[in-house]
Amino acid sequence: MTNSDDITTLARWMASDFSNQQQAFDNPPLFAHVRACLRPLPSDKFGGISFYLEQAYQYALNRPYRTRVLMLKQDDGELIIENYAIENAEELFGASRDPHRLQSLTPERLTRLCGCNFVVGPPSFAIPNPRTLDASVWL
């Protein structure tokens with residue numbers, strides 16, 4: 001992934017409600033049924049492509065165990081997903097499935113989580129870029 005269309009393609013793939021239902025049903029002792037819901041956020045408000053993420057057990061969708069804002073960036077030919085914690089995140093619990101509630105989410109409520117970037121690309125991207133190397137995860 002290196003051209004300007006790649007970030008748009010990645011964003012389209014990410015904007016969804018994901019489930020590991022089959023994995024959980026196939027092996028219940030090892031896997032709980034989890035949902036990860038990513039809702040796009042307004043680009044004019046957050047300065048680019050970003051998502052509100054909720055990860056929750058299927059039986060407790062309105063009580064997620066993880067909320068984040070993910071921001072997609074391009075830097076020197078790499079696609080980077082930056083992770084942000086949300087101040088007072090519990091106020092937004094359930095908002096991934098009730099998107100009008102996300103209107104109260106502002107960039108001022110976000111804190112970047114250092115060392116939690118994802119660098120997205122083919123295996124040739126596994127050569128670290130010193131500018132983005134902060135214990136990033138290589139996909």
Side-chain angles (χ1 to χ4, degrees):
M1 294 189 149
T2 58
N3 69 49
S4 60
D5 294 335
D6 292 338
I7 196 166
T8 303
T9 300
L10 179 61
R12 285 188 189 127
W13 290 343
M14 290 176 64
S16 193
D17 191 347
F18 299 95
S19 169
N20 75 332
Q21 180 180 26
Q22 192 61 53
Q23 180 185 43
F25 287 3
D26 288 348
N27 201 342
L30 296 179
F31 299 100
H33 185 183
V34 174
R35 302 267 297 272
C37 189
L38 290 100
R39 291 292 170 240
L41 295 169
S43 60
D44 58 334
K45 192 174 186 179
F46 289 89
I49 298 173
S50 56
F51 295 92
Y52 173 71
L53 162 71
E54 284 185 345
Q55 291 175 275
Y57 296 107
Q58 172 62 29
Y59 62 83
L61 292 178
N62 288 325
R63 288 182 286 128
Y65 60 83
R66 179 175 294 120
T67 60
R68 296 284 187 264
V69 167
L70 306 178
M71 292 190 183
L72 280 59
K73 311 268 175 136
Q74 275 190 297
D75 184 27
D76 198 25
E78 294 179 332
L79 292 181
I80 299 167
I81 303 173
E82 295 179 343
N83 276 274
Y84 292 80
I86 303 166
E87 182 179 313
N88 300 317
E90 60 281 349
E91 294 173 4
L92 297 170
F93 283 6
S96 67
R97 291 170 183 82
D98 191 6
H100 78 277
R101 293 185 46 225
L102 292 174
Q103 293 173 1
S104 66
L105 182 58
T106 63
E108 294 75 28
R109 292 179 62 180
L110 305 180
T111 302
R112 185 165 176 228
L113 298 172
C114 294
C116 294
N117 284 354
F118 297 96
V119 178
V120 182
S124 63
F125 275 67
I127 300 168
N129 176 337
R131 292 182 300 126
T132 59
L133 186 63
D134 62 356
S136 298
V137 175
W138 300 91
L139 298 178

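Position 1 is the first residue of the sequence; numbering continues from there.
Proximity of a side-chain donor or acceptor of Glu54 to a complementary backbone N or O of Gly94 within less than 3.5 Å is detected. The closest donor-acceptor contact from the side chain of Asn83 to the backbone of Asn117 lies at 3.5 Å or more, if one exists at all. In this structure, the side chain of Tyr52 does not engage the main chain of Thr67 through any donor-acceptor pair within 3.5 Å. Between the side chain of Ser19 and the backbone N or O of Gln21 there is at least one donor-acceptor pair closer than 3.5 Å. In this structure, Lys73 contributes its side chain and Glu78 its backbone to no donor-acceptor pair below 3.5 Å. Panel note: side chain Arg97, backbone Cys37; no donor-acceptor pair is recorded below 3.5 Å.
Between Arg109 and Glu91 there is a salt bridge, since at least one side-chain N of the basic residue sits less than 4.0 Å from a carboxylate O of the acidic one.
Taking every heavy atom of both residues into account, Ile49 and Ala11 meet most closely at CG2-CB, 3.7 Å.
In this structure, a donor-acceptor pair under 3.5 Å is present between the side chains of Glu108 and Thr106. For the 3.5 Å distance criterion, the side chains of Asn27 and Gln23 fail to qualify, holding no donor opposite an acceptor.
Side-chain contact between Val69 and Leu53 is absent, with no heavy atoms from C-beta onward closer than 4.5 Å. Asp26 places none of its side-chain heavy atoms less than 4.5 Å from the side chain of Phe31.
Between Leu102 atom CG and Arg39 atom CZ the span is 9.0 Å, to the nearest 0.5 Å. Interatomic distance, OH of Tyr65 versus CZ of Phe93, reported as 12.5 Å (0.5 Å rounding).
Hydrophobic clustering keeps Leu70 apart from Leu105 (ILVMFWY residues linked when any side-chain heavy atoms are closer than 4.5 Å, directly or through intermediates).
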